[in-house]
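This structure is a prediction, so every number in the text was calculated from the model and none was measured.
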Amino acid sequence: YDTAGQLVSNGGPVMHGVTTHVIYWDPSSEFTATTKGVVNKFFTDVAHDSGFPSNVFAVAGQYTDSTGNAAYSSTFASEKVDKDPYPSTGSCTAPKGVSADPGPYSKCLFDEQLQTELATYIEREALPKGPAQLYFLLLPHEVVSCFPEEDPEIHEEACSNNVFCAYHSSIEGGTPQEIIYANIPFSLLDSGDAKGCQSDGNAEIQHPNGDTTGTNESTRYADVALKYTSHEYIEAATDPLGNAWFDGTGQEIGDKCNFTGSGSEPGEDPNAFLPTLGGSASSGTLFNQAINTGSYYLQSEWDNAGKVCLMKPLALSAAEFTPTSATTTVGSAVNFKGSATDPYGELGFAWTFGDGGTGTGSSPSHTY
């Protein structure tokens, strides 16, 4: 149990449906076909199983705003490659302090530069904006991204090679032209540092989809990137503008289940990567999500109803129905009564009567 407490609504909106867009800002073609194939299949699979209660994305459905819930309603629009060159001026310098991975890195970009490029690209390509669109901007291994503010713990800029694995934010948030986005860098994904973004208590990097070919300077380990991609996806769905669902310490739904641990430190939870469904930790093939035909190794997400990190929503219990009589005659109405225990308190009913007829509500009537 996370001592920071439950997620609380702060009045802001959630995303009631999510259309995902993947944009690789990759002028030198550093992303391999393998990496892009794993990412593409992931978003395709998540969209395919949209609405199912069988995976971690359905956990978001319990979080609401004034007009509805953060439904698991996912569509994968496209993947695109942005070949624009990186800016030649105004950029940051990749940190080289004691807490930083030294690289080598060929480029360092501020978040403001990422926002400028993303907004420019979306406008040029006539891509949609607004509260149902979520853009994932992927940067290759050799590119670091930073915020200009100094991190008080390390006395350096907070960057993707020393502090964070990814983040989500918005451009012109709260307006009809808003762009909700997530920065997905591959900076830390080398043999020595990838476990920092997949802190599961296992020594080996878990990569059930096998994106391991290349050197430590290559763009690879897509499975680790998918761990924090799913983290940012569900956080953007439940807190797209930073004013919706988070706990008393500012942690969002994914932050509370980020690392394996006892739960004594923020972000630690013993269920962060559990339960697994197959694979072997020693061979680096563990997976804990079966989405459509894909096997993935993702983190769990915080469930307010269960007060625990979960890989899928809690199930209904004590589900049953009874008819008014055991037999009936053709042309006579039969009344039914359904009941179940819903841990989220939002029980709904959909009936199939066996002859092509359907119904709704807890007490429908049907004439055979």
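If you take CG on Asp49 and CG on Asn55, they are separated by 6.0 Å, rounding to the nearest 0.5 Å. Rounding to the nearest 0.5 Å gives a distance of 9.0 Å between CG of Leu241 and CE of Met15. Here the straight-line distance linking atom NE2 of His16 with atom OG1 of Thr64 works out to 9.0 Å at 0.5 Å rounding. Going from atom CG of Leu298 over to atom CZ of Phe42 covers 5.5 Å, rounded to the nearest 0.5 Å. For the atom pair CG of Leu139 and CZ of Phe31, the computed distance is 6.5 Å after rounding to the nearest 0.5 Å. To the nearest 0.5 Å, atom CD1 of residue Ile180 and atom CD of residue Glu178 are 4.5 Å apart.
Between the side chains of Gln251 and Trp302, no donor-acceptor pair is found at a separation under 3.5 Å. Side-chain polar atoms of Asn209 and Asp223 form a donor-acceptor pair below 3.5 angstrom. Between Ser187 and Ser160, the side chains place a donor N or O and an acceptor N or O closer than 3.5 Å (distance only, hydrogens not considered). With hydrogens and angles left out, the side-chain atoms of Asp239 and Tyr63 include no donor and acceptor closer than 3.5 Å. In the model, Ser262 has a side-chain atom that pairs as donor or acceptor with a side-chain atom of Ser264 under 3.5 Å. Checking Asp190 against Asn216 by side-chain atom types alone, no donor-acceptor pair falls below 3.5 Å. Between the side chains of Asn183 and Ser145, at least one donor-acceptor pair of N or O atoms lies under 3.5 Å. Between the side chains of His231 and Glu252, no donor-acceptor pair is found at a separation under 3.5 Å. A donor-acceptor pair shorter than 3.5 Å can be found between the side chains of Lys227 and Gln299.
Proximity of a side-chain donor or acceptor of Glu235 to a complementary backbone N or O of Gly254 within less than 3.5 Å is detected. Of the possible polar contacts, none joining the Thr352 side chain to the Gly354 backbone as a donor-acceptor pair under 3.5 Å is found. In this structure, the side chain of Asp247 engages the main chain of Thr249 through a donor-acceptor pair within 3.5 Å. The main-chain N or O of Ala244 is found under 3.5 Å from a side-chain atom of Asn10 such that the two form a donor-acceptor pair. Judged by distance alone, the side chain of Tyr181 and the main-chain N or O of Leu114 form no donor-acceptor pair under 3.5 Å. Formation of a donor-acceptor pair under 3.5 Å by the Asn161 side chain with backbone atoms of Pro95 is found in this model. Judged by distance alone, with hydrogens and angles left aside, the side-chain atoms of Thr215 form a donor-acceptor pair with the main-chain N or O of Glu217 at under 3.5 Å. Judged by distance alone, with hydrogens and angles left aside, the side-chain atoms of Gln198 form a donor-acceptor pair with the main-chain N or O of Gln206 at under 3.5 Å. Put simply, the side chain of Glu301 never gets that close to the backbone of Cys257: no donor and acceptor are under 3.5 Å apart. Judged by distance alone, with hydrogens and angles left aside, the side-chain atoms of Asp65 form a donor-acceptor pair with the main-chain N or O of Gly68 at under 3.5 Å.
Two residues are said to be in side-chain contact when any heavy atoms from C-beta on lie closer than 4.5 Å; Tyr221 and Asp211 fail this criterion. Contact of the Glu117 side chain with the Asp82 side chain is registered, since non-hydrogen atoms from C-beta on lie closer than 4.5 Å. By the 4.5 Å heavy-atom criterion applied to side chains, Glu157 and Glu149 are not counted as neighbours.
Evaluation of the salt bridge (Lys or Arg N to Asp or Glu O under 4.0 Å) rule for Lys129 yields Glu123 as partners, not counting sequence neighbours. When the salt bridge (Lys or Arg N to Asp or Glu O under 4.0 Å) test is applied to Lys312, no partner is found at least two apart in sequence or on another chain. Partners of Asp342 by salt bridge (Lys or Arg N to Asp or Glu O under 4.0 Å), not counting sequence neighbours: none found. Legend: residues meeting side chain to side chain donor-acceptor pair (under 3.5 Å) with Asp303, ordered by chain and number and at least two apart, are Gln62, Tyr344. Residues satisfying the ring pair (Phe, Tyr, Trp, His ring centres under 6.0 Å) test with Tyr121, not counting sequence neighbours, are none. Residues forming a salt bridge (Lys or Arg N to Asp or Glu O under 4.0 Å) with Asp200 (at least two apart in sequence, or on another chain): Lys195. Take Phe246 and apply the ring pair (Phe, Tyr, Trp, His ring centres under 6.0 Å) test, not counting sequence neighbours, and it matches no residue. Applying the ring pair (Phe, Tyr, Trp, His ring centres under 6.0 Å) rule to His141 yields the partners Tyr105; only residues at least two apart in sequence or on another chain are considered. When the ring pair (Phe, Tyr, Trp, His ring centres under 6.0 Å) test is applied to Phe336, the partners found at least two apart in sequence or on another chain are Trp351, Phe353.
For residues 357-368, the side-chain hydrogen bond (donor to acceptor under 3.5 Å, both in side chains) pairs, not counting sequence neighbours, are Asn335-Ser365, Asp355-His366. The side-chain hydrogen bond (donor to acceptor under 3.5 Å, both in side chains) contacts involving residues 85-98 comprise Ser91-Gln113, where partners must be two or more places apart or lie in separate chains. Judged as a side-chain hydrogen bond (donor to acceptor under 3.5 Å, both in side chains), the pairs with a partner in residues 17-27 (not counting sequence neighbours) are, in order, His21-Gln133.
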| Steps toward side-chain contact (heavy atoms from CB on, under 4.5 Å) verdict (Thr175, Glu172) | CA-CA 6 Å; Thr175 74; Glu172 296 187 52; 3.6 Å; yes
| Chi angles and distances behind the side-chain contact (heavy atoms from CB on, under 4.5 Å) call for Lys256, Asp269 | CA-CA 7 Å; Lys256 296 169 74 67; Asp269 193 278; over 6 Å; no
| request: For side-chain contact (heavy atoms from CB on, under 4.5 Å), just list the numbers for Phe273 and Phe259, CA-CA rounded to whole Å, side-chain angles, deciding distance to a tenth of an Å, and then say yes or no. | output: CA-CA 8 Å; Phe273 290 84; Phe259 311 110; 5.9 Å; no
| message | Between Thr32 and Thr34, does the side chain to side chain donor-acceptor pair (under 3.5 Å) criterion hold? Intermediate values first, please. | response | CA-CA 5 Å; Thr32 67; Thr34 298; 4.5 Å; no
| Intermediate values then yes/no, disulfide bond (SG atoms under 2.5 Å apart), Cys92 and Cys146 | CA-CA 7 Å; Cys92 48; Cys146 293; 3.8 Å; no
| Are Val14 and Asn69 close enough, and set up right, to give a side-chain contact (heavy atoms from CB on, under 4.5 Å), and what steps lead you there? | CA-CA 7 Å; Val14 300; Asn69 66 312; 5.9 Å; no
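Below 30°, between 30° and 60°, or above 60°: for Phe147 and Tyr167 the angle between ring planes is between 30° and 60°, a tilted geometry.
A ring-centre distance under 6.0 Å is not found for Phe164 and Tyr228.
No continuous path of ILVMFWY side-chain contacts below 4.5 Å connects Leu226 to Tyr297, so the two sit in separate hydrophobic clusters. Residues Phe52 and Leu310 are members of separate hydrophobic clusters, defined by side-chain heavy-atom contacts under 4.5 angstrom among Ile, Leu, Val, Met, Phe, Trp and Tyr. In the hydrophobic cluster analysis, where Ile, Leu, Val, Met, Phe, Trp and Tyr join through side-chain heavy atoms closer than 4.5 angstrom, Leu137 is grouped apart from Leu188. A single hydrophobic cluster is not seen to contain both Ile234 and Met311; linkage of ILVMFWY side chains at heavy-atom distances under 4.5 Å, directly or through other members, places them apart.
Remark: His48 NE2 is loosely packed, at most 12 non-hydrogen atoms of other residues, nucleotides or ligands lying under 6.0 Å away.
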